There are 2 protein chains.
Amino acid sequence: MARIKILSNSNRKEIILKNAAALFRKRGYKAASVRELAERLDIEAPSLYNHFRSKAELLKKICFSTMVDFTGHIDMVVASKESNVKKTEALIRFHIQKMYNDFDFVYVANHEWKHLPKEDLELFLSQRKEYERRMIEIIIEGINKKEFRKSHPQITVLTILSAVRGLEFWQRHKKELSITELEDHMVHHLINGIIQ
Amino acid sequence: MARIKILSNSNRKEIILKNAAALFRKRGYKAASVRELAERLDIEAPSLYNHFRSKAELLKKICFSTMVDFTGHIDMVVASKESNVKKTEALIRFHIQKMYNDFDFVYVANHEWKHLPKEDLELFLSQRKEYERRMIEIIIEGINKKEFRKSHPQITVLTILSAVRGLEFWQRHKKELSITELEDHMVHHLINGIIQ
DNA sequence: CCTACCGATCGGTAGG
DNA sequence: CCTACCGATCGGTAGG
């Protein structure tokens with residue numbers, strides 16, 4: 001009985017979080033109101049506070065749960081024995097897939113992090129920086145091993161991350177473009193641009 | 001006398017607009033308050049309304065003045081007799097330069113357009129779509145003339161536009177990276193990825 | 001999960 | 001360009 005209650009509570013939390021992500025994406029964190037979120041869930045605004053301490057906590061959960069997914073993935077990639085080309089490709093593909101599967105979360109993490117409370121904001125940015133640093137490492141190693149032609153690794157990573165991030169616009173083309181089509185073309189463009 | 005007054009008024013307007021762009025970029029349109037903007041300008045909030053009808057009008061001016069610059073540039077590029085490779089390169093370089101010279105305006109146009117009043121929003125999106133369409137045309141022609149290898153032109157343009165847009169992050173690296181260095185590396189990466 | 005409600009802040013106006 | 005001020009809306013609390 002207690003077990004069931006816990007499960008249903010955490011389900012409820014997840015539902016709220018998903019709705020918050022969708023709303024924050026559509027309207028922006030500041031423009032989205034707690035009342036609007038409550039309306040989506042068919043409850044009154046104050047009822048939300050039984051599940052979350054504040055509006056900011058919702059944003060925090062959205063941003064950091066997304067960050068954890070990316071961090072966890074790059075852990076795996078770095079630990080793998082693949083070539084640096086393959087590693088880079090794996091990172092690109094993961095970004096594209098995340099954008100496809102968890103669009104609202106990724107979008108909010110990308111766009112609304114600036115509204116995080118100060119300490120969370122600093123933690124978030126340092127984790128993002130660390131992710132970037134590890135990706136740069138892969139490019140550098142790839143250059144040293146002659147897998148990639150010589151380039152400015154920092155700019156290369158910036159270019160790749162920006163390109164995949166831009167997939168948020170592709171929502172508009174969703175019907176016309178399949179995910180695999182998109183993945184393959186983008187991977188080719190970005191990898192072709194840097195290999196020997 | 002009247003002439004001087006007009007000049008000084010339009011200067012004043014420009015100063016307000018630049019400050020608005022800087023503020024909207026830093027805090028986001030919704031989070032930025034009219035009072036905050038007034039404070040930057042060392043006047044009281046209601047005084048702003050002698051220059052602008054509403055907060056939304058400021059956003060509108062920022063978004064559309066930026067859009068006009070890009071539209072004007074692609075007009076020139078399309079009219080030129082250069083190869084499609086050169087045309088694509090020119091577009092990429094212009095994006096990078098705009099990001100460098102008018103960062104606040106470009107950033108706000110990229111991020112805050114969703115807060116435009118409905119009709120302005122629709123006009124803005126249709127102009128952006130048109131810009132994209134013309135860029136796709138250049139890629140298609142380049143493929144037909146065997147300047148570019150075969151690819152999905154829509155994804156190619158999406159990749160390029162996303163990559164240059166991502167330069168907003170590079171603000172963090174401004175000291176380490178020169179504009180020309182950045183331009184050349186990014187142009188190489190993106191063009192190398194698609195040429196024959 | 002709801003009703004009732006609060007202080008703070010918002011964009012904007014009137015009138016000078 | 002300012003003072004004085006307004007209605008609307010915000011995130012959040014008390015108490016059940």
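Every chain is numbered from 1, with letters handed out A, B, ... down the list of sequences. Model, not experiment: these values are computed from the prediction.
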Does anyone know the first and last nucleotide of DNA chain C in reach of chain B, 5' to 3', at under 4.0 angstrom to a heavy atom?
-> C:dC10 to C:dT13
Would you confirm whether A:K55, through its side chain, and A:Y29, through its main-chain N or O, come within 3.5 Å as a donor-acceptor pair?
-> yes
Lys/Arg cation over aromatic A:F24: A:K30, 6.0 Å, 45° cone | no
As its Watson-Crick or G-U partner within any shown strand, both distances under 3.5 Å, C:dG16 has D:dC1
For DNA chain C, whose closest nucleotide is more 5', that of A:R35 or that of B:V34?
-> A:R35
Distance in Å, A:H51 NE2 paired with A:E57 CD, rounded so as to fall on 0.5 Å steps | 12.0 Å
Give one of base, sugar-phosphate or nothing for A:A56, where a contact means two heavy atoms less than 4.0 Å apart.
-> nothing
For B:H111, all residues meeting ring-ring contact (aromatic ring centres under 6.0 Å, His included), sequence neighbours excluded | A:H111, B:Y107
So which one's nearest nucleotide on DNA chain C is more toward 5', A:P46 or A:N50?
-> A:N50
Could you tell me whether A:E39 atom CD has more than 12 heavy atoms of other residues or ligands within 6.0 Å of it?
-> no
Please report the C-alpha distance between A:I160 and A:M135 in whole Å, then the side-chain angles of each, then the deciding distance to 0.1 Å, and finally whether the side-chain contact (heavy atoms from CB on, under 4.5 Å) criterion is met.
-> CA-CA 10 Å; A:I160 291 173; A:M135 200 162 162; 3.7 Å; yes
Comparing nearest nucleotides in DNA chain D, the 5'-proximal residue of the pair A:A32, B:H51 is B:H51
